[in-house]
K.L.:
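Got a structure here, written out as structure tokens. Questions coming.
Residue numbering restarts at 1 for every chain, and letters A, B, ... go by the order of the sequence lines.
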Amino acid sequence: MSLNHELADLFKTFAAIMEIKGEPVFKSIAFSKVARVLNDMTFDIRDAVEKGTLEDIEGIGKSSRKIIEEFVRTGKSSDFEDVAATVPPGLIPMLQVPGLGPKTIALLWKQRGVTSIDELSKAIAEGRLEGLKGIGEKKIEQIKQGLTMREQAGRRMGIGEALPIAEALLQQLRKIKGVKQAEIAGSLRRRKETIGDVDVIVGVAKPSDMPVIAEAFTKFPQVDRVLGQGESKSSIVTESGLQVDLRIVPIENFGAALQYFTGSKEHNVKLRGMAQEHGLTLNEWGLYRISDYEKATKEPARPPACKPIASRTEAEVYDALGLPYIEPELREDRGEITAAIEKSLPVLISRADIRGDLHCHTTASDGTATIDQMAQAALALGYEFLAITDHSKSQVVANGLTAERLFAHAAEIRRANDRIKGIRLLAGCEVDILADGHLDFDDAVLAELDFVVASPHVALRQDTEKATARILRAIESKYVNVIGHPTGRLINQREGLPLDFARIFTAAAATGTALEINSGYPRLDLTDTVARAAIGAGCMLSINTDAHSTDGLNWIDYGINVARRAWVTPRHVINCMPLKKLMQFIAKKR
DNA sequence: GCCGTTTTCGGCCCGACTGTTTTCAGTCG
């Protein structure tokens with residue numbers, strides 16, 4: 001784990017301890033924010049310590065600066081250790097149990113001596129929780145369920161699994177009578193790589209339809225169990241273990257609800273702060289004048305009885321706050337609100353900007369489709385070019401090509417290129433970057449190709465120095481056009497190479513080597529924050545599917561999602577270049 | 001604890017739901 005992440009964990013734990021100790025809530029919010037900032041950061045926090053610029057980073061103040069400085073110097077924080085010593089460490093994971101919050105945890109600890117999840121289970125089994133003030137029978141049952149849920153849920157689900165499930169539910173919802181509009185909200189709409197649960201918003205014309213729809217939703221065939229159902233809200237868990245929360249609102253309030261539940265929480269906190277500066281208040285029902293809103297009568301699950309300034313669409317809400325529309329993928333409180341105020345939001349890349357795929361496989365190595373089939377599939381997507389990049393010889397399990405087979409394959413790609421009209425096929429290879437940075441083929445072989453992707457596949461547990469030197473060496477090869485899945489990470493499965501990105505970016509930008517956003521799930525490598533730092537450093541990116549079948553080419557959307565979260569525009573991506581410009585990009589490096 | 005084109009003090013986002021309660025506390029997103 002990198003130093004940044006170690007520190008982020010420290011601040012996260014620090015914040016949790018403060019919550020349990022009942023310290024003023026804003027203190028723990030402040031430290032949680034420091035944790036988030038550290039997690040999102042793409043440079044080494046050591047750099048800021050050395051330059052003395054720590055306090056220039058938003059969210060880091062005097063206290064957290066001291067903690068970070070001491071930690072960088074000594075590998076520990078005495079402030080943290082002092083506080084941590086006052087609370088049993090087993091209490092912190094208890095915060096992840098649904099239904100258990102800091103107040104209840106403190107109560108269980110002080111009144112019943114419960115100091116860990118295991119002890120909590122035991123205490124419940126032995127009936128030792130009875131007689132606590134504020135904890136009744138139902139609460140105990142809720143905690144019990146929370147404990148089993150936590151065991152089952154474990155980690156967050158990847159977007160590649162969650163999105164298809166959510167979209168199927170959406171289609172079913174749209175067919176229910178009375179549903180005027182239905183959209184995915186939450187982190188899934190922001191296209192985060194993993195999600196905790198799915199939020200779906202439905203707009204209705206008639207309030208009387210709301211409970212009917214809430215109930216119909218709980219009867220969908222893929223529902224495994226119902227967690228709760230109210231007037232305007234239901235919560236279910238699908239057979240695949242995905243929690244889905246449905247909220248139903250009058251269609252007039254749809255935009256405000258969609259905005260509110262899309263988040264992120266941090267983005268919304270900033271927006272609501274802005275609203276207040278204008279004498280307005282923003283909530284899930286709409287944007288209101290504070291004076292109107294305070295006088296209005298309010299009922300649960302119904303909009304307040306006063307006229308909103310904006311509520312029908314998200315665009316109206318942003319507009320009324322004096323902002324242009326902010327794309328969901330940007331709503332992470334990573335500078336998008338400032339950019340919106342300054343009218344400098346990026347025009348994000350979209351599917352229509354992609355002119356071709358530059359990394360895919362055929363039956364020549366481990367793909368399932370032929371050159372012709374892949375070419376036809378690419379044509380059907382409207383592509384102008386496709387690079388066929390089968391594996392090199394080290395990838396024995398993937399039927400990697402020897403130099404002789406590669407030459408024959410390249411000749412076949414070129415014949416296909418002559419035969420198939422309307423698309424340019426590039427004869428390429430995905431060559432292995434070996435552990436020491438050597439490529440799997442020497443220059444004489446690579447010189448025969450039109451296009452080269454170089455990727456790490458083995459030795460993915462190297463330290464930063466070795467791993468960085470390895471990738472740098474590949475970047476220096478004049479035949480390498482793209483570094484494929486640069487870190488080798490797999491979501492929820494493998495950390496990947498701990499690269500020193502600043503050095504990688506400098507070399508990639510200087511040599512004209514593109515860095516890949518691999519669209520294949522669970523790769524999605526580079527990640528959003530790293531890709532954003534890459535374009536900030538002047539690098540070109542390449543968004544590719546690494547498809548092993550014709551269907552695989554459709555995964556491009558997942559790579560585009562990452563790119564959009566990274567503030568990427570078409571001019572940052574070589575797949576958006578017209579063919580002629582792409583060929584110039586390749587030629588320039590040789 | 002952090003922050004500041006009204007500021008170095010005094011704010012810091014908001015509502016629904018649940019459970020345990022007669023008016024509120026805690027949790028969640």
Side-chain angles (χ1 to χ4, degrees), chain A residues 11 14-15 18-20 22-35 37 54-68 79 83 94-108 131-143 145-146 185-188 190 195-201 214 227-235 243-249 253 256-257 259-277 280-288 290 293-294 298-304 333 341:
Chain A
F11 277 101
F14 210 142
M18 289 194 288
E19 276 194 296
I20 292 169
E23 304 222 14
V25 65
F26 291 109
K27 285 192 180 188
S28 86
I29 289 175
F31 272 6
S32 298
K33 179 169 179 179
V34 175
V37 167
L54 270 182
E55 280 194 59
D56 297 344
I57 300 167
E58 196 196 310
I60 297 181
K62 209 160 164 247
S63 297
S64 40
R65 173 178 62 80
K66 271 178 60 192
I67 294 170
I68 294 169
D79 285 351
V83 175
M94 285 171 67
L95 282 166
Q96 264 133 56
V97 178
L100 265 190
K103 297 289 194 296
T104 313
I105 292 170
L107 185 77
L108 295 173
L132 273 174
K133 192 169 186 295
I135 309 281
E137 207 177 309
K138 282 189 176 171
K139 187 75 199 173
I140 292 173
E141 187 54 34
Q142 197 186 50
I143 296 172
Q145 277 183 12
S187 53
L188 191 55
R190 302 199 310 277
I195 56 147
D197 60 17
V198 176
D199 295 286
V200 179
I201 312 295
L227 297 176
Q229 189 197 323
E231 172 89 346
S232 61
K233 182 183 161 175
S234 346
S235 233
Q243 183 176 331
V244 184
D245 297 336
L246 171 72
R247 290 158 214 273
I248 308 163
V249 297
N253 305 86
Q259 198 289 318
Y260 187 90
F261 289 108
T262 295
S264 68
K265 197 177 165 188
E266 293 77 12
H267 174 89
N268 285 352
V269 165
K270 280 236 165 108
L271 277 193
R272 293 198 281 265
M274 273 187 77
Q276 291 218 318
E277 284 169 25
L280 307 172
T281 180
L282 178 63
N283 57 41
E284 63 220 73
W285 302 109
L287 184 66
Y288 301 87
I290 291 181
Y293 185 76
E294 282 175 349
K298 296 160 199 104
E299 278 179 69
R302 291 280 185 276
D333 186 26
I341 292 169

K.L.:
Please confirm whether the shortest side-chain N or O distance from Ser64(A) to OP1 or OP2 of dG1(B) is below 4.0 Å.
P.N.:
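For dG1(B), neither OP1 nor OP2 has a side-chain N or O of Ser64(A) closer than 4.0 Å.
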K.L.:
Using a cut-off of less than 4.0 Å, is there contact between a side-chain N or O of Gln276(A) and OP1 or OP2 of dC14(B)?
P.N.:
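Indeed, a polar side-chain atom of Gln276(A) lies that close.
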K.L.:
Using the side-chain heavy atoms of Lys233(A), tell me which of these nucleotides is nearest: dC14(B), dG1(B), dC17(B).
P.N.:
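Output: dC17(B).
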K.L.:
Please tell me if Trp285(A) has a side-chain N or O lying less than 4.0 Å from either OP1 or OP2 of dA16(B).
P.N.:
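Yes.
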K.L.:
Between the side chains of Asn253(A) and Glu284(A), does any donor sit under 3.5 Å from an acceptor?
P.N.:
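No, because no side-chain N or O of Asn253(A) sits under 3.5 Å from a partner of the opposite role on Glu284(A).
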K.L.:
Should Ser28(A) be listed as having a side-chain N or O under 4.0 Å from OP1 or OP2 of dG1(B)?
P.N.:
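Checking Ser28(A) against dG1(B): no side-chain N or O falls below 4.0 Å of OP1 or OP2.
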K.L.:
For dT7(B), measure the glycosidic angle (O4'-C1'-N9-C4 for a purine, O4'-C1'-N1-C2 for a pyrimidine) and name it syn if it falls within 90° of 0, otherwise anti.
P.N.:
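dT7(B): syn.
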K.L.:
Judged by atom type as modelled, is there a donor-acceptor pair below 3.5 Å linking the side chain of Arg65(A) to the main-chain atoms of Ile60(A)?
P.N.:
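Not a single qualifying donor-acceptor pair exists.
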K.L.:
Given the C1' atoms of dT21(B) and dA25(B), what is the spacing between them in whole Å?
P.N.:
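Approximately 10 Å lies between the C1' atom of dT21(B) and that of dA25(B).
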K.L.:
In terms of the nearest nucleotide of DNA chain B, which residue is placed more toward the 5' end: Ala30(A) or Asn283(A)?
P.N.:
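So the residue in question is Ala30(A).
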K.L.:
Between dT7(B) and dG11(B), how far is it from one C1' atom to the other, in whole Å?
P.N.:
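Result for the C1' pair: 10 Å, nearest Å.
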K.L.:
By the 4.0 Å heavy-atom rule, please label Phe31(A) as base, sugar-phosphate, or nothing.
P.N.:
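Since only primed, P, OP1 and OP2 atoms lie under 4.0 Å of Phe31(A), the category is sugar-phosphate.
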K.L.:
Please answer whether the main-chain N or O of Glu55(A) pairs with a side-chain N or O of Lys62(A) as donor and acceptor at a distance below 3.5 Å.
P.N.:
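Not at all, since once roles are kept as given, no pair shorter than 3.5 Å links the two residues.
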K.L.:
Do nucleotides 21-29 of chain B as a string where each nucleotide becomes B, S or -: B if the base has a protein heavy atom under 4.0 Å, S if just the sugar-phosphate does, - if no protein is that close.
P.N.:
S----SSSB
K.L.:
So is Lys27(A) actually on top of Phe14(A)'s ring, under 6.0 Å and inside 45° of the axis?
P.N.:
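So Lys27(A) doesn't make the cation-pi contact.
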K.L.:
Apply side-chain hydrogen bond (donor to acceptor under 3.5 Å, both in side chains) to Ser264(A) and list each qualifying residue two or more places apart in sequence or on a separate chain.
P.N.:
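Ser264(A): side-chain hydrogen bond (donor to acceptor under 3.5 Å, both in side chains) contacts with Glu266(A).
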K.L.:
Rounded at 0.5 Å granularity, tell me how far CG in Asp199(A) sits from CG in Leu188(A).
P.N.:
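If we round to the nearest 0.5 Å, Asp199(A):CG and Leu188(A):CG are 9.0 Å apart.
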K.L.:
Start at the 5' end of DNA chain B and walk down; is the nucleotide closest to Ser232(A) or to Lys138(A) reached first?
P.N.:
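It is Ser232(A), whose closest nucleotide lies nearer the 5' terminus.
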K.L.:
Could you identify the nucleotide paired to dT8(B), looking across every strand shown and requiring Watson-Crick or G-U wobble geometry with both distances under 3.5 Å?
P.N.:
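With both distances under 3.5 Å required, dT8(B) matches none.
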K.L.:
Nearest to the Gln142(A) side chain among dA16(B), dC2(B), dT18(B), which nucleotide is it?
P.N.:
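The listed nucleotide nearest to Gln142(A)'s side chain is dT18(B).
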K.L.:
Measuring only the C1' atom in each nucleotide, how far is dT8(B) from dC3(B)? A whole number of Å is fine.
P.N.:
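Going atom to atom, C1' in each nucleotide, I get 10 Å.
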K.L.:
Where along nucleotides 3-10 of chain B does protein come under 4.0 Å, by heavy atom, of base (B) or sugar-phosphate alone (S), with - for untouched nucleotides?
P.N.:
S-------
K.L.:
Using whole Å, what does the distance between atom C1' of nucleotide dC17(B) and atom CG of Leu227(A) come to?
P.N.:
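After rounding, the gap between these two atoms is 14 Å.
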K.L.:
Which pair of heavy atoms, one from Leu271(A) and one from Gln259(A), lies closest together, and at what distance?
P.N.:
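For Leu271(A) and Gln259(A), the tightest heavy-atom pair comes out as CD1-NE2, 3.3 Å.
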K.L.:
What's Glu137(A) touching, base or sugar-phosphate or nothing? Going by heavy atoms closer than 4.0 Å.
P.N.:
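Sugar-phosphate, no base atom in range.
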K.L.:
Which whole number of Å gives the distance between the P atom of dC14(B) and that of dT20(B)?
P.N.:
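The same atom, P, in both gives a distance of 29 Å.
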K.L.:
Does Lys298(A) use its side chain to pair, donor to acceptor, with the backbone of Tyr293(A) at less than 3.5 Å?
P.N.:
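A pair under 3.5 Å: yes.
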K.L.:
Donor-acceptor check, side chain of Ser234(A) to backbone of Ala214(A), threshold 3.5 angstrom: yes or no?
P.N.:
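Side chain of Ser234(A) to backbone of Ala214(A): a pair is present.
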K.L.:
Only one of Lys265(A), His267(A), Lys270(A) forms a side chain to side chain donor-acceptor pair (under 3.5 Å) with Asp333(A), so which one is it?
P.N.:
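Only one of Lys265(A), His267(A), Lys270(A) forms a side chain to side chain donor-acceptor pair (under 3.5 Å) with Asp333(A), namely Lys270(A).
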K.L.:
Tell me whether Phe26(A) and dC2(B) count as stacked here, given that the ring centres must be under 5.5 Å apart and the planes must differ by less than 30 degrees.
P.N.:
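It does not: the two rings, one from Phe26(A) and one from dC2(B), miss the stacking criterion.
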K.L.:
Does Leu282(A) reach a base, just sugar-phosphate, or nothing at all? Heavy atoms under 4.0 Å.
P.N.:
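Contact class for Leu282(A): sugar-phosphate only.
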K.L.:
Which whole-number value in Å describes the distance from Lys66(A) NZ to dC2(B) C1'?
P.N.:
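Distance check: Lys66(A) NZ to dC2(B) C1' gives 15 Å.
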